[in-house]
**Q** 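First the structure, which I've put down as structure tokens, then a few questions once you've had a look.
The analysis underlying the following values was restricted to heavy atoms, covering all of them including side chains, and did not include hydrogens, waters or symmetry mates. We number each residue from 1, following the sequence as shown. Order of listing sets the numbers, starting from 1, for every ligand and every atom in it.
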Amino acid sequence: MTMNLFEDSALCRTWREELCPGAVVLRGFALECQTAILAALHEITAKAPFRHMVTPGGFRMSVAMTNCGACGWVSDRSGYRYDALDIDSGQPWPRMPEVFLNLSQEAAASAGFQSFEPDACLINSYQPGARMSLHQDKNERDFGPPIVSISLGIPAVFLFGGFRRDDKPMRVSLTHGDVVVWGGPARLRYHGVMPLKAGLHALLGEHRVNLTLRKAA
Ligand code: MD6
Ligand code: FE
């Protein structure tokens, strides 16, 4: 009999780190389809370019954003919400590429969330200095489905906190190909991203791009 060190070698394509009940980092989970992801990303940003949205309080966000899928996350003076239309072009957001859908469903299932059906993918682009302050993701209609977060490009320090803004967050380094699945009892934890340090990635240059797939409607 041969020894198998993995519980299920077909499913175990990465190292996993549990952050807390409901949140797991799947290291390198997106690497095997990185070429398809980057090609899809170029098509999306040709139709719906990255832009710096304005917060309801009137501040320009340091992270540039776009979306794909049936709904897109937007912010302007009237608030944060999901909208079927790109408010800059008036057009529907580009469709969700198959590779985003498949990868996020595999990651969700591998973290124990079956039948994940995302309808929104928020795409964040960070340049050195860009940051995301601590927040909860709560514009979605239902907090039952998880969020799947795919990190690409130069590494970032992800802040992963508690259920109150002032709970001291853990710091988790996320790098190219890492996928975080986040749901169940962790779904409403505060989280954010430290100001991005300068770096150079072979495929993404001086950027970090993060995709978060959600079931918004
Ligand atoms: C980012 N991510 O990593 C920002 N939200 O660029 C998020 O805000 C986020 O990664 C919910 C779940 C996972 C995330
Ligand atoms: Fe978030």
Side-chain angles (χ1 to χ4, degrees), residues 16-27 29-30 37 41 45 50-53 55 61-69 71-75 80-82 100 103-104 107-108 110-113 116 118-163 165 167 169-197 199 201 204 206-216:
R16 66 172 62 220
E17 290 168 26
E18 184 143 335
L19 298 177
C20 68
V24 64
V25 185
L26 307 173
R27 296 286 181 196
F29 198 88
I37 295 174
L41 206 51
T45 56
F50 284 117
R51 79 290 306 264
H52 293 271
M53 297 185 191
T55 66
M61 298 180 78
S62 62
V63 177
M65 298 180 172
T66 186
N67 291 276
C68 66
C71 334
W73 187 90
V74 295
S75 177
Y80 303 126
R81 64 192 178 278
Y82 283 95
F100 291 11
L103 179 64
S104 65
S110 138
F113 299 96
F116 179 50
D119 56 9
C121 175
L122 170 62
I123 306 172
N124 291 330
S125 174
Y126 295 73
Q127 284 187 292
R131 62 189 288 268
M132 175 90 61
S133 55
L134 286 174
H135 66 279
Q136 293 171 294
D137 287 17
K138 53 181 186 186
N139 295 117
E140 299 73 27
R141 191 191 302 258
D142 176 3
F143 303 141
I147 294 176
V148 174
S149 160
I150 302 167
S151 291
L152 301 167
I154 62 182
V157 178
F158 191 63
L159 298 171
F160 179 68
F163 297 100
R165 192 187 300 276
D167 289 337
M170 303 170 51
R171 290 158 171 252
V172 183
S173 175
L174 295 179
T175 194
H176 186 73
D178 291 345
V179 176
V180 184
V181 182
W182 179 295
R187 180 64 180 72
L188 289 174
R189 282 186 181 259
Y190 277 89
H191 57 278
V193 178
M194 291 281 286
L196 195 74
K197 284 199 185 146
H201 185 269
L204 283 134
E206 295 180 293
H207 291 88
R208 170 180 188 253
V209 172
N210 176 261
L211 317 175
T212 50
L213 291 107
R214 303 114 186 273
K215 173 98 178 81

**Q** For E17, give me all partners under side chain to side chain donor-acceptor pair (under 3.5 Å), at least two apart in sequence or on another chain.
**A**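 Listed in chain order: R27.
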**Q** Between the main-chain N or O of F160 and the side-chain N or O of H191, is there a donor-acceptor pair closer than 3.5 Å?
**A** no
**Q** Could you list each N/O atom of ligand 1 together with any protein N/O atom closer than 3.5 Å, one pair per line with the distance?
**A**
from     : atom 1 : to   : atom 2 : distance (Å)
ligand 1 : 3 (O)  : R208 : NH1    : 3.3
ligand 1 : 3 (O)  : R208 : NH2    : 3.1
ligand 1 : 3 (O)  : N210 : OD1    : 3.4
ligand 1 : 3 (O)  : N210 : ND2    : 3.4
ligand 1 : 5 (N)  : D137 : OD2    : 2.9
ligand 1 : 5 (N)  : H191 : NE2    : 2.7
ligand 1 : 6 (O)  : Y126 : OH     : 2.4
ligand 1 : 6 (O)  : R208 : NH1    : 2.9
ligand 1 : 6 (O)  : N210 : OD1    : 3.4
ligand 1 : 8 (O)  : H135 : NE2    : 3.2
ligand 1 : 8 (O)  : H191 : NE2    : 3.2
ligand 1 : 10 (O) : S149 : OG     : 2.9

**Q** Please report the interatomic distance OG1(T175) to CD1(I154), rounded to the nearest 0.5 Å.
**A**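 Atom-to-atom, T175:OG1 and I154:CD1 are 9.0 Å apart.
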**Q** Only N/O/S atoms count here: what is the atom of D137 closest to the Fe ion (ligand 2) called?
**A** OD1
**Q** Nearest 0.5 Å, what's the CG-OG1 distance between L122 and T212?
**A**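 It is 4.0 Å, given to the nearest 0.5 Å.
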**Q** Going by salt bridge (charged side-chain N to carboxylate O under 4.0 Å, His left out), name the pairs with one or both residues in residues 181-194, residues two or more places apart or in two chains.
**A** E140-R187
**Q** Mind checking side chain to side chain donor-acceptor pair (under 3.5 Å) for N139 and listing every partner two or more places apart, or none if nothing turns up?
**A**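 Only W73 meet the side chain to side chain donor-acceptor pair (under 3.5 Å) criterion with N139.
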